[in-house]
Structures are given as structure tokens and as C-alpha cells.
Amino acid sequence: QVQLVESGGGLVQAGGSLRLSCVASGRSLSRYIMGWFRQAPGKEREFVMAISWSDGNIYYADSAKGRFTISRDNAKNTVHLQMNSLKFEDTAVYYCAAKYSSSFSGEYEYWGQGTQVTVSS
């Protein structure tokens with residue numbers, strides 16, 4: 001089992017920045033893909049970005065390109081999502097997720113409880 005705990009959400013004005021963190025525990029993450037997803041009110045959950053823990057390769061959605069950055073801290077078993085130039089439409093609950101895989105495709109096995117990000121226009 002992998003336990004995931006997100007933090008860093010909050011209220012920010014449009015154009016501002018937030019940094020989300022996800023602390024993982026329970027297993028070595030060396031063969032895991034760590035991802036961030038989000039779900040806005042009334043919408044389906046959507047993929048944002050993911051990183052391969054072993055080699056640092058990154059995969060991202062078009063909505064995140066140029067504005068969001070994902071990184072990992074091996075020593076702290078933590079994944080960060082740096083979000084810049086935030087827009088009103090980035091408002092959502094952001095979830096951290098993990099899966100034992102070397103592929104960015106497919107379902108995630110473990111999920112955090114989510115952290116709310118609200119962007120005021």
C-alpha cells in the first residue's frame with residue numbers, strides 16, 4: 001500500500017502561483033509513476049501531469065504546458081506541482097496519485113484525499 005497526502009492548496013488570485021506537495025509513504029517509489037489530477041465542480045476528473053520516479057521523465061496535459069512544473073524530492077518521498085500563471089479555470093480539487101508502472105498510460109492505483117485550489121478572477 002502507498003499512502004498519499006497532499007498539501008498546499010488554497011485561494012489565489014488569477015495570475016498567481018501555488019505549489020502543491022504530495023508526501024508518499026508505505027513503499028519505495030523507485031518503480032512508480034506519480035501523477036497529479038484535478039476535478040472541477042460538475043466536471044470529470046482530468047489528468048494534469050505525471051513523473052516517473054525512476055528516471056524523472058515527465059508527461060503532461062496541454063492545459064499544464066508552460067505553466068505547471070512537476071518535480072520529485074527523493075529524500076523526502078515528495079512530489080511537487082508548481083503552478084504559475086493560474087487561471088480561474090484551474091479551480092479544482094487536485095489529487096495526487098501513484099501507480100506501480102513504467103508507463104504513463106493506464107489506471108492509477110493509489111490516491112490522496114485531494115487539496116482544493118481556488119483561483120479568483
Cluster check F47, W111: I/L/V/M/F/W/Y, side chain < 4.5 angstrom: yes

M49 CE to Q82 CD distance, which is reported to the nearest 0.5 Å: 11.0 Å

Which atom of Y95 lies closest to which atom of G112, heavy atoms considered: CD2-O, 3.7 Å

By ring-ring contact (aromatic ring centres under 6.0 Å, His included) - contacts of Y108 (at least two apart): F37

Shortest non-hydrogen contact between A50 and I33, atoms and distance: CB-CG2, 4.0 Å

Gap separating the SG atom of C96 from the CD atom of E6, nearest 0.5 angstrom: 5.5 Å

V79 with Y100, same ILVMFWY side-chain cluster at under 4.5 Å: yes

Intermediate values then yes/no, side-chain contact (heavy atoms from CB on, under 4.5 Å), W53 and N77: CA-CA 10 Å; W53 198 270; N77 258 22; 4.0 Å; yes

Spacing of OH belonging to Y94 relative to CZ belonging to R45, to within rounding of 0.5 Å: 14.0 Å

Atom CD of Q113 with >12 non-hydrogen neighbours under 6.0 angstrom: yes

D73 side chain to T78 side chain, donor-acceptor N/O pair below 3.5 angstrom: no

side-chain contact (heavy atoms from CB on, under 4.5 Å) evaluation trace for E109 with E107: CA-CA 7 Å; E109 303 166 75; E107 297 295 318; over 6 Å; no

Backbone N/O of L11 and side chain of T118: donor-acceptor pair under 3.5 Å: no

Distance-only donor-acceptor check, side chains H80 and S21, under 3.5 Å: yes

Between CZ on residue R19 and CE on residue M83, distance to nearest 0.5 Å: 11.5 Å

Interatomic distance, Y60 atom OH to I51 atom CD1 [nearest 0.5 angstrom]: 13.5 Å

Shortest non-hydrogen contact between W36 and L20, atoms and distance: CH2-CB, 3.7 Å

Worked verdict on F68 versus D90 for side-chain contact (heavy atoms from CB on, under 4.5 Å): CA-CA 11 Å; F68 294 1; D90 293 318; 3.9 Å; yes

Parallel, tilted or perpendicular: ring planes of Y32 versus Y110, cut at 30 and 60 degrees: tilted

Taking every non-hydrogen atom, the tightest pair across R67 and L86: NH1-CA, 3.9 Å

E89 and T91: CA distance, side-chain angles, deciding distance, side-chain contact (heavy atoms from CB on, under 4.5 Å) verdict: CA-CA 5 Å; E89 49 265 38; T91 295; over 6 Å; no

Short N-O contact, R38 and E46, less than 4.0 angstrom: yes

For S85 against S17, the heavy-atom pair lying closest together: N-OG, 4.3 Å

Short side-chain to backbone donor-acceptor contact, K43 and A92, under 3.5 Å: no

Distance-only side-chain donor-acceptor flag, S103 / S101, under 3.5 Å: no

Taking every non-hydrogen atom, the tightest pair across C22 and M34: SG-CE, 4.5 Å

Straight-line distance of S54 OG to L29 CG, nearest 0.5 Å: 11.0 Å

